[in-house]
Amino acid sequence: MLFAKKTVLSRLPRHIAIILDGNGRWAQKRGMPRTFGHRMGIKNIRTITLAAQELGIQALSVFAFSTENWNRPKDEVDFLMTMPSEFDRQFHDDFEKNDIKVVFSGRRTRLSEENLRIMDRIATESRSRKGLVLNICFDYGSYDELSGVVRSIAEEVRSGTLSPETISSETISSRLMTKDLPPLDLLIRTSGEQRLSNFLLWQAAYAELVFTPVHWPAFTKNDLIKALEEYSRRDRRFGAVKG
Ligand code: IPE
Ligand code: IPE
Ligand code: MG
C-alpha cells in the first residue's frame, strides 16, 4: 500500500472523470432490483469523492444521468430523478467539512423545478470552497453540450461579436460546461464496458482511458488507486515524440 501511494503521487491527474456504470447488473447479480444498485451507487459517489480529495485530485466529473437515460422504464427514471435530493441529504455535511465544491453539468430544460432548485442551492452553497471540485453530470450528453456551443458561436457570429476566422479549439473549450475545470487527464469506466456513451467527447481527446470490470457500487478507494497507478505508468505524448 505504501509503495502504491508513492507511485501514485509521482504523477497525479488533475481532473478525473468516471462513467459510473454497472449499478443495475451489480444489484441483479445479488437478486435485488436495479434501483438498489442505484442507491448503493449514489452512496459510493460520496466515498470516492472523499477518497479522490484525500489523494490530491483537483476535479472529479461523474456521469450520473445521461441525455439517453430518459429512455429507461419510467420507474427507474423516477428513481434516478431523486438523485439531487439524495446528494443533498447524504453529502451535505461531509462535503462542507472537507471544503468540497459541487457543480452540475447538463441540460436543464427537462429537469423538474424542484431538482433545479436543489442543484442550484447545492452549487451556490459550495461556490467559494477551495477543495476538490465535484462536477456532477446530470442529464448530460456531449452531443447536447457541443450543439449548445455551436449555437452560441453561431449567435455571436450573427450579432457581429465573433468573426468566423478567429474560431479555434479555444473558442470551443471556453464554452464547454467544463470550462472552469482543469483539462481532463484520466477517464475511468467501471463495469467492463469499453465505450464513452456520449460522455465528455471533446474533453477526452487526450485523456488516458482506464476500463475496469468492477461495477460502480463495488468500486473502492483501492480501485481508484489502481487506476491512478495505471495512469502514472502511461506515456502521454500528445502527438509528439519523446526524446
Ligand atoms: C449506471 O449503471 C448508472 C446510470 C446509468 C444512471 P446502469 O444503470 O447503467 O447499470 P447497468 O449498466 O445496467 O448494469
Ligand atoms: C452511461 O451508462 C451513462 C451513465 C453512466 C450515467 P449507460 O449504461 O447509460 O450507457 P450504455 O447504454 O451502456 O452505453
Ligand atoms: Mg449501464
Side-chain angles (χ1 to χ4, degrees), residues 15-49 52 59-91 102-112 115-116 118-119 122 134-148 176-178 181 184 186-204 207 209-220 223-224 227:
H15 180 184
I16 301 180
I18 309 182
I19 301 178
L20 318 173
D21 201 14
N23 290 352
R25 278 166 286 165
W26 179 87
Q28 283 171 329
K29 259 172 65 182
R30 285 158 182 76
M32 301 295 280
R34 292 176 56 83
T35 47
F36 178 67
H38 294 315
R39 199 183 298 281
M40 301 315 277
I42 294 169
K43 264 177 81 144
N44 207 30
I45 296 176
R46 177 185 154 279
T47 307
I48 296 302
T49 301
L60 173 65
S61 291
V62 294
F63 203 8
F65 189 90
S66 80
T67 47
E68 289 74 49
N69 287 149
W70 294 103
N71 298 323
R72 295 187 175 201
K74 185 176 181 302
D75 281 3
E76 184 167 344
V77 170
D78 286 348
F79 186 88
L80 292 167
M81 285 299 130
T82 65
M83 271 197 269
S85 59
E86 284 305 308
F87 296 152
D88 196 29
R89 197 173 66 77
Q90 297 184 34
F91 303 170
V102 182
V103 297
F104 289 90
S105 294
R107 255 177 92 135
R108 291 175 61 93
T109 53
R110 295 187 287 191
L111 299 176
S112 69
N115 271 342
L116 292 174
I118 298 171
M119 289 157 61
I122 293 173
L134 174 66
N135 173 33
I136 302 178
C137 301
F138 192 64
D139 201 9
Y140 172 88
S142 283
Y143 288 169
D144 171 66
E145 177 181 43
L146 292 169
S147 306
L176 294 171
M177 293 167 182
T178 53
L181 302 178
L184 182 62
L186 170 64
L187 188 145
I188 301 169
R189 184 169 188 149
T190 59
S191 90
E193 306 299 351
Q194 304 192 359
R195 56 176 168 265
L196 296 180
S197 301
N198 199 13
F199 189 46
L200 302 178
L201 299 184
W202 177 280
Q203 295 86 338
L209 310 181
V210 169
F211 299 103
T212 165
V214 179
H215 291 311
W216 173 247
F219 186 86
T220 61
D223 293 316
L224 178 63

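Just so you know, residue 1 is the first one in the sequence shown, and it goes up from there. Both ligands and their constituent atoms are indexed starting at 1 by order of listing.
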Using a plain distance cutoff, I'd like to know if Asp21 has any nitrogen or oxygen under 3.5 Å from a nitrogen or oxygen of ligand 1. yes
Can you name the atoms of ligand 1, numbered from 1 with element, that are less than 4.0 Å from a heavy atom of Leu20? 1 (C), 2 (O), 3 (C)
Excluding sequence neighbours, so at least two apart, what forms side-chain contact (heavy atoms from CB on, under 4.5 Å) with Thr212? Ile188, Thr190, Val214, Phe219
Heavy atom under 4.0 Å from ligand 1: found in Arg34's side chain, backbone, both, or neither? side chain
Pull out every atom of ligand 2 sitting under 4.0 Å from any heavy atom of Ile19, numbered as shown with elements. 5 (C)
Of the backbone and side-chain N, O or S atoms of Asp21, does one lie nearer to the Mg ion (ligand 3) than 2.8 Å? yes
Note: His215, heavy atoms under 4.0 Å from ligand 1, region reported as neither
Arg25 near ligand 2, heavy-atom distance under 4.0 Å? no
If we only count N/O pairs under 3.5 Å, is Gly24 in contact with ligand 1? yes
Using heavy atoms and a 4.0 Å limit, tell me yes or no: is Arg195 in contact with ligand 2? yes
Could you go through Asp144 and Ser147, starting from their C-alpha distance and side-chain angles, then the distance that decides it, and tell me whether this counts as side chain to side chain donor-acceptor pair (under 3.5 Å)? CA-CA 5 Å; Asp144 171 66; Ser147 306; 5.9 Å; no
Measure the distance from atom 6 (C) of ligand 1 to every protein heavy atom, then report the residue, atom name and distance (to 0.1 Å) of the closest one. Ala64 O, 3.2 Å
What residue and heavy atom of the protein are closest to atom 2 (O) of ligand 1, and at what distance? Asn23 N, 3.1 Å
Here the atoms of ligand 2 under 4.0 Å from any heavy atom belonging to Arg72 are 7 (P), 8 (O), 9 (O)
Please examine the side chains of Trp70 and Met81, heavy atoms only from C-beta on, and report whether any two atoms are closer than 4.5 Å. yes
